[in-house]
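So the structure is just underneath, and the comments pick up after that.
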Amino acid sequence: MTADLFDGLEAAGPAREVLAPGAVLLRGFARPQQAELLAAIDAITAQAPFRRMVTPGGHQMSVAMTNCGPVGWVTDRGGYRYDPIDPQSGQPWPAMPVLFRELAETAAREAGFAGFAPDACLINRYEPGAKMSLHQDRDERDVGAPIVSVSLGLPATFLFGGFKRTDKTQRYRLVHGDVVVWGGPARLAFHGVAALADGEHALLGRQRINLTFRRAR
Ligand code: SIN
Ligand code: FE2
């Protein structure tokens, strides 16, 4: 009885929602690895702490960021770029844990993008009130690879739009463990995150952490 029920769930696979052609939300996909993910994030941020970067226009971002992997996304008065060196420490970014790479690769495969090999993982920390305005991810050399985004901690409202900033956006509530993958025809879609509502998450307290995997070079 129990075995039959379990088999049924296995066959159904992870709960998924299609946001647009090429964009899939995999509900709870990262949950089984939550403990290892959080331990790895602690180790990375001990070496490369979260910091609020400044945009080329001179605004300090509300989201605090760090990176792991061969290159990291950075912004300063000079522009946006992928840099192999953490400008704050002068050292290479912490290595990307195998667990991160495998999670990103399996989520991408599940969404229809086999062979994803990320070389950058941007780690975003949202505290209550922090938000990310609508933008396209277009600093990567080759937009043939998808973006894989893992949500941990407090729930957020993810905005997913079209190819123009002014296109209508759909709103999705992303909770701890959810993974969104967008690539192919959706790769350059505008997206963002609404101001984080205050709350208390059992494992992460008053914050949301997002891992965004890219193929940058
Ligand atoms: C991003 O676009 O880099 C972040 C998306 C998110 O925090 O869900
Ligand atoms: Fe983005």
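Counting convention: from 1, in listed order, for ligands and their atoms alike.
Asp137 contributes OD1 and His135 contributes NE2; the angle these two atoms make at the Fe ion (ligand 2) is 90°, rounded to 10°.
Listed by number with element, the atoms of ligand 1 under 4.0 angstrom from any heavy atom of Arg214 are 3 (O). Near His191, the atoms of ligand 1 lying under 4.0 angstrom from a non-hydrogen atom of the residue are 2 (O). Annotation for ligand 1: atoms under 4.0 Å from non-hydrogen atoms of Met132 are 1 (C), 2 (O), 3 (O), 4 (C).
Between His176 and the options Gln34, Arg208, Arg31, a side-chain hydrogen bond (donor to acceptor under 3.5 Å, both in side chains) holds for only Gln34.
With contacts defined as side-chain heavy-atom distances shorter than 4.5 Å, the pair Ile123/Ile209 qualifies.
Residue contacts with ligand 1: Arg208 is placed with a nitrogen or oxygen under 3.5 Å of a nitrogen or oxygen of the ligand (distance criterion only). Here's the thing with Asn210: one of its N/O atoms is less than 3.5 angstrom from an N/O atom of ligand 1. Taking any N or O of Asp137, backbone or side chain, none lies under 3.5 Å from an N or O belonging to ligand 1.
The ring of Tyr172 has its center no closer than 6.0 angstrom to the ring center of Trp182.
Under a 4.0 angstrom heavy-atom cut-off, Arg125 registers as lying outside contact with ligand 1.
For Arg141 and Asp119, the salt-bridge test fails: no basic side-chain N is under 4.0 Å from an acidic carboxylate O. By the 4.0 Å N-to-carboxylate-O rule, Arg27 lies close enough to Glu17 to be salt-bridged with it.
Leu196 and Ile41 are not part of a single hydrophobic cluster, where members link through side-chain heavy atoms under 4.5 Å apart. The hydrophobic clustering, which links ILVMFWY residues whose side-chain heavy atoms are closer than 4.5 Å, places Trp73 and Leu188 apart.
Of the heavy atoms in Lys131, none comes closer than 4.0 Å to ligand 1.
Shortest contact from atom 7 (O) of ligand 1 to any protein heavy atom: Tyr126 OH, 2.5 Å.
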